[in-house]
Amino acid sequence: MRDYIDFMQLAVEYNMTLLGVDIRDERGAISTEMAVVIAAMVAIAVVLGGIFIAKAQSNANNIPDTVPAPA
């Protein structure tokens, strides 16, 4: 699990560097830009999670309760 988290952190830092966003300042702390980007990503994830849950519940409610007898 720790390797997976390290890989994900490296992937985020690499992509943010490609976009020109400073991930860390001179002291090694996370920059404000990085905090804003992470907050936006979390907000998008929450919205998408809500949409997926609503869609799954809608599909689950559309499953018929009775199965017709075979002909």
Side-chain angles (χ1 to χ4, degrees):
M1 184 69 177
R2 181 69 187 159
D3 291 336
Y4 180 74
I5 293 172
D6 289 343
F7 176 75
M8 293 302 296
Q9 183 178 13
L10 178 65
V12 168
E13 289 180 6
Y14 176 76
N15 288 319
M16 300 311 285
T17 302
L18 286 179
L19 294 174
V21 176
D22 290 333
I23 298 171
R24 299 181 184 274
D25 64 7
E26 297 83 25
R27 295 175 297 177
I30 295 177
S31 66
T32 304
E33 293 90 1
M34 183 67 177
V36 169
V37 169
I38 290 174
M41 291 169 50
V42 168
I44 291 170
V46 168
V47 169
L48 289 177
I51 292 171
F52 291 147
I53 289 173
K55 185 69 175 174
Q57 287 177 342
S58 173
N59 286 340
N61 291 334
N62 290 334
I63 296 174
D65 292 336
T66 58
V67 177

Verify the cluster assignment for [X] and [Y]: are they in a single hydrophobic cluster under the rule of side-chain heavy atoms below 4.5 Å apart?
{"X": "Leu19", "Y": "Met41", "answer": "yes"}
{"X": "Ile38", "Y": "Leu10", "answer": "no"}
{"X": "Val46", "Y": "Val37", "answer": "yes"}

| Do any N or O atoms from the side chain of Thr17 and from the backbone of Glu13 form a donor-acceptor pair under 3.5 angstrom? |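 The answer is yes, because a donor-acceptor pair under 3.5 Å joins these two groups.
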| query | Side chains of Arg2 and Ile5: closer than 4.5 Å at any heavy-atom pair? | reply |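 Arg2 vs Ile5: side chains touch.
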